[in-house]
Amino acid sequence: MTEQQVQIRVRFAPSPTGHLHVGGARTALYNWLYARKTGGVFVLRIEDTDAQRSTAESYEGIVRGMRWLGLDWDEGPDCGGEYGPYVQSARGVLYHSDAGRLVDEGKAYYCFCTAHRLEALKFEQRESRDQIRYDGHCRDLDTDEVARRLAAGEPHVIRFRMPEGGEVRFDDVVRGEFTIANEELDDFVLIKSDGLPTYNFAVVVDDARMRISHVIRGDDHLSNTPRQVHLYAALGYPLPKFAHLPMILGGDRTRLSKRHGAVSVDFYRENHYLPDAMVNYLALLGWSFDDRQELFSRPALIEKFSLKRVSKNPAMFDNDKMEYINAEHFKRLDLLRKTQLVHELLREQGYLPGDFEVDFTRPVDLKLVPGTQPVAAGESQEGGTPSKQFHRLAMIVQIMGNRLKLLRDAPSQIGYFFKDEFPVDRDAFERHVRGAGGARRLARLADALEGLRYFERGAVEETVRAFADELGIEAGELIHPCRVALTGGTVSPDIFWVIVLLGKAKTVERLRGASARAGG
RNA sequence: GGCCCCUUAGUCUAGUGGUUAGGACGCAUGGUUCUCAGCCAUGAAUCAGGGGUUCGACUCCCCUAGGGGCUACCA
């Protein structure tokens, strides 16, 4: 007898009441990874039973965030599926039908208690330091009375009839066994007086009817799970497997929320982090593979992910580590891909001329790029054909090497290659150009470079060093002012490459300009 | 208040009775270099506290403390 193989079905069920934060994204990711690893189905369901707080913008934002992260779903509000609708507000009849069944079977009942009465009850229980729970006031109302009050249109809710004694038990893939006495639970509400289901009820009805096999969610739901287990039993639905993930905490160790700054997925998207890097880092928040590997490509993550290795401890989101992971992923991108990304961003921000077009759908010849090929004399580095412009951009990206860690910083780091107006570090200018007699030297260096017949790296370096020798100074003493004049700051890639890629005309112009400004 | 969960360096973690408690980020120092990044090397830093159990506890049990969650007609 082989056990029947049940299809693995998981879901991410956000409520559209805010942006997608890293905690939600992590939950979505683990579900997605599990589905992709097992060949299962990943469902997106929108839990909008809180009519007040749910918004369309929030829904759009969540979808945008998940798409950016590359967490694609197989069934959901936009693409449908066999078990729709995938928005709770459209599933009303399902909840009412299941709730009605429970009432008919005596497993749930109508309650007419007013908010006022409940308030007073709570107050009283707090005073007497009692457990705060519903007292079962309407639990055994006469059926005729119920019918009469219902007919009279009296506001009411439907409550679950919690068994008096006994206990509930369930297994959690990451927590192990969980048991709690029924006394701790009370007759919680299933259907609110506005007719909408409560979270605890809707989640069970939906997970069951959508055939969810594994409920993977944040561990803030752990305490609610026993109630849900009761509901599964009462409704006669098979119990799914549960996996409660540790929370992700903000810097102050409290639950993540808006006030925790950069914890929105939007932030990372807008700042041009790499989605694969974010996925990698998020995966590490509460999961580890072993004691050595922590850098994973997406396929590697799918292959290695396992619910069994999910940690029980809450984790704090560490931005430094996120940036590090991002840098590592960026480092691993090939030159073409990097250049493509930089190109895109530079264009967006107006750093590139309008005629700078590269058709990335066609192979780009990078043979000349690797960085050792001299640029032939007479070939201007500015302007030129699109492929020449691209070639130059690729070389710039190439010489940037690992200095470019975050795509977002590309414009400020290499902007001086494309615009003549770039920020100049005043202090550096004073120190390296005006002070130390740099101004006069720069003008003379400009002359020397201008006379160069072959403007390629070797010749440039030779010229600069020879000039330093002639002056009887260290090459560095010439290079520093040069860097400030050319790039505006004290940080740049190899200065000789900068000179070559800037081109003779721009180099000479900036050197003379700086010299003049310094009064040389 | 009641109940539940969690506890290895600042942070993320490996570890399941015997280890010099391993790795990573961050930090510090040194090396490489025209600066920076990178890379290499080195270093500081951890089992929350207290009781047990045991020949032996980071590992098992109990208590305390701290943190988190649930206790809503929020999800």
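Atom set for the values below is all heavy atoms of this structure, side chains included, hydrogens, waters and symmetry mates excluded. In what follows, chains are A, B, ... by sequence order, proteins preceding strands, each numbered from 1.
At least one side-chain nitrogen or oxygen of A:Lys331 sits closer than 4.0 Å to the OP1 or OP2 atom of B:C39. Proximity of A:Arg309 to the phosphate of B:G15: a side-chain N or O atom is located under 4.0 Å from OP1 or OP2. Phosphate contact (OP1/OP2 of B:A75, side-chain N/O of A:Thr49, threshold under 4.0 Å): present. The shortest distance between the side-chain N/O atoms of A:Lys122 and the OP1/OP2 oxygens of B:G2 is not below 4.0 Å. Phosphate proximity of B:C73 to A:Thr198: absent, as no side-chain N or O sits under 4.0 Å from OP1 or OP2. Between A:Asn313 and B:C6, a side-chain N or O to OP1/OP2 separation shorter than 4.0 Å is absent. Within the structure, every side-chain polar atom (N or O) of A:Arg292 is placed at least 4.0 Å from both OP1 and OP2 of B:U13. A close approach under 4.0 Å does occur between a side-chain nitrogen or oxygen of A:Tyr324 and OP1 or OP2 of B:C25.
A straight line from CD of A:Gln293 to P of B:G22 spans 21 Å, rounded to a whole angstrom. Remark: P of B:U16 and CG of A:Asp291 are 10 Å apart, rounded to the nearest angstrom. Spacing between atom OH of A:Tyr109 and atom P of B:C73 amounts to 11 Å, rounded to whole angstrom units. Regarding A:Phe201, its CZ atom lies at a distance of 19 Å from the P atom of B:A72, rounded to whole Å. Straight-line distance from the CG atom of A:Asp494 to the C1' atom of B:C36: 12 Å, rounded to whole Å. In this structure, A:Asp219 atom CG and B:A75 atom C1' are separated by 15 Å, rounded to whole Å. One can place CZ of A:Phe188 at 13 Å from C1' of B:A72, the figure rounded to the nearest angstrom.
Nucleic acid contact for A:Ser492: base, since at least one base atom lies under 4.0 Å from a heavy atom of the residue. Within the 4.0 angstrom heavy-atom criterion, only backbone atoms of the sugar-phosphate kind lie near A:Ile180; the bases stay farther away. Within 4.0 Å of A:Gly286, counting heavy atoms only, lie sugar-phosphate atoms of the nucleic acid but no base atom. Backbone-only contact: A:Val189 has heavy atoms under 4.0 Å from sugar-phosphate atoms and none from a base. Residue A:Pro226 is classed as having no contact, given no heavy-atom separation below 4.0 Å to the nucleic acid. Nucleic acid contact class of A:Leu284 (heavy atoms, under 4.0 Å, all strands): sugar-phosphate only. Using a 4.0 Å heavy-atom distance criterion, A:His244 is classed as making no nucleic acid contact.
Residues from residues 401-417 of chain A lying near RNA chain B, meaning a heavy-atom separation below 4.0 Å, are A:Asn402, A:Arg403, A:Lys405 in numerical order.
Of the P atoms belonging to B:G26 and B:U32, the separation is 22 Å, rounded to the nearest Å. Using P as the reference atom, B:G49 and B:C3 are 26 Å apart when rounded to the nearest Å. Only the P atoms considered, B:U33 is 32 Å distant from B:A45, to the nearest whole Å. For B:G10 and B:A28, the C1' atoms lie 14 Å apart once the distance is rounded to whole Å. For B:C5 and B:U64, the P atoms lie 14 Å apart once the distance is rounded to whole Å. B:A44 and B:C36: their P atoms are spaced 26 Å apart (whole Å). The P atoms of B:U53 and B:C62 are separated by 15 Å, rounded to the nearest whole Å. A distance of about 24 Å separates the C1' atoms of B:C60 and B:G67, rounded to the whole Å.
With B:U35, B:C73, B:C25 as the candidates, the nucleotide lying closest to the side chain of A:Arg483 is B:U35. Distance from the side chain of A:Arg227 is smallest for B:C70 among the nucleotides B:A75, B:C70, B:A24. Considering only the side chain of A:Val491, B:U35 comes nearest among B:U35, B:G69, B:C73. In the set B:C70, B:C39, B:A75, the nucleotide with an atom closest to the side chain of A:Ser223 is B:C70. Set against B:G23, B:C70, B:C34, the side chain of A:Glu294 has B:G23 as its closest nucleotide. Comparing B:A14, B:U11, B:C73 by their nearest atom to the side chain of A:Met316 picks out B:U11. For A:Arg175, the listed nucleotide lying nearest its side chain is B:C6; candidates were B:C25, B:C6, B:C4. Counting only heavy atoms from C-beta on, A:Glu184 has its side chain closest to B:G2 among B:G2, B:C4, B:A75. Here the nucleotide nearest the side chain of A:Met247, chosen from B:U35, B:A75, B:G68, is B:G68.
In the interface, the side chain of A:Asn224 is paired with the base of B:A75 through a donor and an acceptor atom under 3.5 Å apart.
For B:A48, the paired base is B:U64 (Watson-Crick or G-U wobble, both distances below 3.5 Å). The partner of B:U35 is absent, by the rule that a Watson-Crick or G-U pair needs both atom distances under 3.5 Å. Pair assignment for B:A28: B:U42, on the basis of Watson-Crick or G-U wobble contacts that are both within less than 3.5 Å. In a base pair of the Watson-Crick type (N1 to N3 plus N6-O4 or O6-N4) or a G-U wobble (N1-O2 and O6-N3), with each distance short of 3.5 Å, B:U53 is matched with no nucleotide. Of the nucleotides present, none pairs with B:A72 by Watson-Crick or G-U wobble criteria with both distances under 3.5 Å. Pairing of B:U59, defined by two Watson-Crick or G-U wobble distances under 3.5 Å, is not identified with any nucleotide.
Heavy atoms of other residues, nucleotides or ligands lying less than 6.0 angstrom from CZ of A:Arg444 number 12 at most. More than 12 heavy atoms of other residues, nucleotides or ligands lie within 6.0 Å of CD in A:Glu154, so this atom counts as buried by the packing criterion.
Annotation: of the two residues near RNA chain B, A:Arg53 and A:Glu461, the 5′-most nearest-nucleotide partner is A:Glu461. Toward the 5′ end of RNA chain B lies the nearest nucleotide of A:Thr179, the other residue of the pair A:His156 and A:Thr179 mapping further downstream.
Residues A:Trp73 and A:Tyr86 place their aromatic rings such that the two centres sit no closer than 6.0 Å.
Using a cut-off of 4.0 Å between Lys/Arg side-chain N and Asp/Glu carboxylate O, A:Asp219 and A:Lys312 are scored as not salt-bridged. The existence of a salt bridge linking A:Asp98 and A:Arg91 is excluded, since no basic side-chain nitrogen approaches an acidic carboxylate oxygen closer than 4.0 Å. A salt bridge links A:Glu328 and A:Lys331; the closest N-O separation between the charged side-chain nitrogens and carboxylate oxygens is under 4.0 Å.
Residue pairs meeting the ring pair (Phe, Tyr, Trp, His ring centres under 6.0 Å) criterion with at least one member in residues 395-417 of chain A: none, sequence neighbours excluded.
Counting all heavy atoms, side chain and backbone alike, A:Val203 lies closest to A:Asn200 at CG1-O, 3.4 Å.
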Open item on the list: Run A:Asp276 and A:His329 through side-chain hydrogen bond (donor to acceptor under 3.5 Å, both in side chains) and show every step you take.
Closed with: CA-CA 8 Å; A:Asp276 279 18; A:His329 277 257; 5.2 Å; no
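A tilted orientation is assigned to the rings of A:Phe267 and A:Tyr273, their planes being inclined by 30° to 60°. Between A:Tyr281 and A:Phe317, the ring-plane angle classifies as perpendicular under the 30° and 60° cut-offs. Taking the six-membered ring where the residue is Trp, A:Phe188 and A:Phe160 present tilted rings, their angle falling between 30° and 60°.
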